[in-house]
Amino acid sequence: MPDPQEILEEATEILTRWAEVAEAAWRQGHDIATALDSTFGLDLDGTDPVARERLETLNGIHSNAAGFRRWLDQRAGGTQPGHKHVHTR
């Protein structure tokens, strides 16, 4: 059985990297999903198609991109670099 601490450390590293890529795209006014897909999309290559579909449905790049966008917009007070309007709650 894998060491739980090692699993948590790996997850922290992965999530931190995803957040860095998402924030960089957001700051530059680029599409977060495209940035995440170009950086991490190959990680799913070779995955069984049924398992890949399940992963993408439950924890896919697009749903993560939407979550990152919402978090970044809220953290910035409802504004995004390059956006012409303010998001409200």
Side-chain angles (χ1 to χ4, degrees):
M1 175 173 233
D3 178 43
Q5 188 61 40
E6 287 179 20
I7 293 170
L8 289 173
E9 288 171 6
E10 181 182 4
T12 298
E13 290 173 14
I14 291 169
L15 288 171
T16 299
R17 182 68 184 123
W18 275 64
E20 291 169 348
V21 169
E23 184 169 10
W26 179 81
R27 288 191 181 283
Q28 296 168 6
H30 297 155
D31 182 65
I32 294 173
T34 300
L36 291 174
D37 188 43
S38 66
T39 304
F40 303 105
L42 294 177
D43 291 351
L44 294 177
D45 281 359
T47 303
D48 173 67
V50 173
R52 183 178 180 141
E53 182 177 350
R54 188 173 347 109
L55 284 170
E56 288 177 349
T57 299
L58 298 174
N59 198 27
I61 287 174
H62 288 45
S63 61
N64 279 311
F68 276 121
R69 175 173 305 286
R70 183 168 188 252
W71 173 69
L72 290 162
D73 285 347
Q74 287 180 343
R75 192 179 74 173
T79 61
Q80 174 195 8
H83 256 113
K84 305 291 186 216
H85 61 274
V86 175
H87 293 248
T88 58
R89 295 179 206 226

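If you read the sequence from its start, that first residue is 1, and numbering goes on from there.
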Donor-acceptor under 3.5 Å (Thr39 side chain, Leu36 main chain): no
Heavy-atom pair of closest approach, residues Val21 and Ala35: CG1-O, 3.8 Å
Beyond-backbone contact of Glu9 with Thr12, side-chain heavy atoms, under 4.5 angstrom: no
All salt bridge (Lys or Arg N to Asp or Glu O under 4.0 Å) counterparts of Arg70, not counting sequence neighbours: none
Note: Arg17-Glu13 ion pair, threshold 4.0 Å (strictly below): no
Distance (rounded to the nearest 0.5 Å) between His62 NE2 and Asn64 CG: 11.0 Å
Distance, nearest 0.5 Å, that separates CD1 of Ile32 from CH2 of Trp18: 11.5 Å
Heavy-atom neighbours of Glu10 CD exceed 12 at 6.0 Å: no
Leu15 with Leu72, same ILVMFWY side-chain cluster at under 4.5 Å: no
Nearest atoms (heavy-atom pairs only) where Arg69 meets His30: NH2-O, 4.0 Å
